[in-house]
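Read through the structure below, which is laid out as structure tokens, and then see the notes.
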Amino acid sequence: MSDIDHKNLMKIALEYRERAYVPYSKFKVGAAVLFESGKIYGGCNVENASFGATNCAERTAIFKGVSEGETKIKAIAEVGSLEEITYPCGICRQVLCEFGDEDMVVILGKSEDDYIVTDIKSLMPGAFRKENIR
Ligand code: THU
């Protein structure tokens, strides 16, 4: 049985969504990342006047964890739009590939009770990974 509390991760992602710094797009995104240690890190998107310097919610949460010594993601939840499911961008999918394997649970949703559960293989087929560098 999985010990992953999908609803709780969605709740944390929704809380962090409220912290989004989005003066340009006004598009709030929140994420919650559960690492192997059992700790959960939340993150929001942080935009910049130089648009390319923007950091997505997923990467904010992942980098918070990695900078605390975490290396392996068990699950991630993301909430962007409240009307339709928001999928992670290509750069975040690549970063997820770095710290999560095929077992990583990816939860994408609109509320605590309205989400889908997917995996990185579906989101990033044929991904380039560290194992491919030799
Ligand atoms: N964004 C995320 O934070 N995560 C995603 O998965 C998609 C896009 C942010 C970046 C930018 O601040 C805003 O959404 C609009 O692209």
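Just so it is clear, the model here is predicted, and its values are computed rather than measured.
Using modelled atom types, no side-chain atom of Arg59 and backbone atom of Val95 make a donor-acceptor pair closer than 3.5 Å. A side-chain donor-acceptor contact under 3.5 Å links Arg129 to the backbone of Cys97. Distance alone, capped at 3.5 Å, places no donor-acceptor pair between the Lys72 side chain and the Phe99 backbone. Between the side chain of Lys7 and the backbone N or O of Asp113 there is no donor-acceptor pair closer than 3.5 Å. Remark: the backbone N or O of Met124 is not paired with any side-chain donor or acceptor of Gln94 at under 3.5 angstrom. Thr86 places a side-chain N or O within donor-acceptor distance of the main-chain N or O of Ser81, the cut-off being under 3.5 Å.
Contact between Phe27 and Val22 at its shortest, heavy atoms only, is O-CG1, 3.3 Å. Across all non-hydrogen atoms, the minimal contact from His6 to Val117 is CD2-CG2, 3.6 Å. For Ala61 against Gly42, the heavy-atom pair with the smallest separation is CB-C, 3.7 Å. Residues Ala13 and Val79 approach most closely at CB-CG2, 3.8 Å, considering heavy atoms. In terms of heavy atoms, Cys44 sits closest to Tyr16 at CB-O, 3.3 Å. Closest approach of Ser25 to Glu47, counting heavy atoms only: OG-OE2, 2.5 Å.
With a 4.5 Å cut-off on side-chain heavy atoms, Leu108 and Tyr87 count as touching. Leu9 has its side chain within reach of Leu34: a pair of non-hydrogen atoms, C-beta onward, lies under 4.5 Å apart. Side-chain contact check for Lys110 versus Tyr115: every heavy-atom pair is 4.5 Å or farther apart. With a 4.5 Å cut-off on side-chain heavy atoms, Val105 and Asp119 do not count as touching. At a threshold of 4.5 Å between non-hydrogen side-chain atoms, the residues Ile107 and Ile76 do not count as touching. Between Arg17 and Val29, every side-chain heavy-atom pair lies at or beyond the 4.5 Å cut-off. The closest side-chain heavy-atom distance from Ile40 to Val33 is not below 4.5 Å.
Clustering ILVMFWY residues whenever any of their side-chain heavy atoms sit less than 4.5 angstrom apart, transitively, puts Phe35 in a cluster other than the one holding Met10. Cluster membership check: Ile120 shares its hydrophobic cluster with Phe63, using side-chain heavy-atom separations under 4.5 Å among Ile, Leu, Val, Met, Phe, Trp and Tyr. In this structure, Ile85 is a member of the same hydrophobic cluster as Val106, with clusters built from ILVMFWY side-chain heavy atoms closer than 4.5 Å.
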Note to self: For Leu96 and Ile62: C-alpha separation, side-chain torsions, deciding distance, then whether side chain to side chain contact (heavy atoms under 4.5 Å, CB included) applies.
What the structure shows: CA-CA 8 Å; Leu96 283 167; Ile62 295 166; 3.7 Å; yes
Next item on the list: Decide yes or no on salt bridge (Lys or Arg N to Asp or Glu O under 4.0 Å) for Glu18 and Lys28, but give the supporting numbers first.
Entry: CA-CA 7 Å; Glu18 286 313 307; Lys28 296 178 181 177; 3.1 Å; yes
Check: Can Leu82 and Leu14 be said to form a side chain to side chain contact (heavy atoms under 4.5 Å, CB included), step by step?
Finding: CA-CA 10 Å; Leu82 301 180; Leu14 276 158; 4.1 Å; yes
Item checked: Residue pair Thr118, Leu123: steps toward the side chain to side chain contact (heavy atoms under 4.5 Å, CB included) verdict -> CA-CA 8 Å; Thr118 184; Leu123 295 175; 4.1 Å; yes
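In this structure, Asp3 pairs ionically with Lys74, as a charged nitrogen and a carboxylate oxygen lie closer than 4.0 Å. The pair Lys39-Glu70 fails the salt-bridge criterion, with no side-chain N (NZ, NE, NH1 or NH2) lying under 4.0 Å from an Asp/Glu carboxylate O. Checked for salt-bridge contact, Glu15 and Lys11 meet the test: a charged N lies under 4.0 Å from a carboxylate O.
Looking only at atom types and distance, the side chain of Asp114 has no donor-acceptor partner in the side chain of Ser111 under 3.5 Å away.
Screening Asn48, Asn45, Thr60 for a side chain to side chain donor-acceptor pair (under 3.5 Å) with Asn55, the sole residue that qualifies is Thr60.
A 6.0 Å sphere centred on CD1 of Ile91 holds no more than 12 heavy atoms belonging to other residues, nucleotides or ligands.
Ring geometry, Phe51 versus Tyr24: the interplanar angle falls from 30° to 60°, so the pair is classed tilted.
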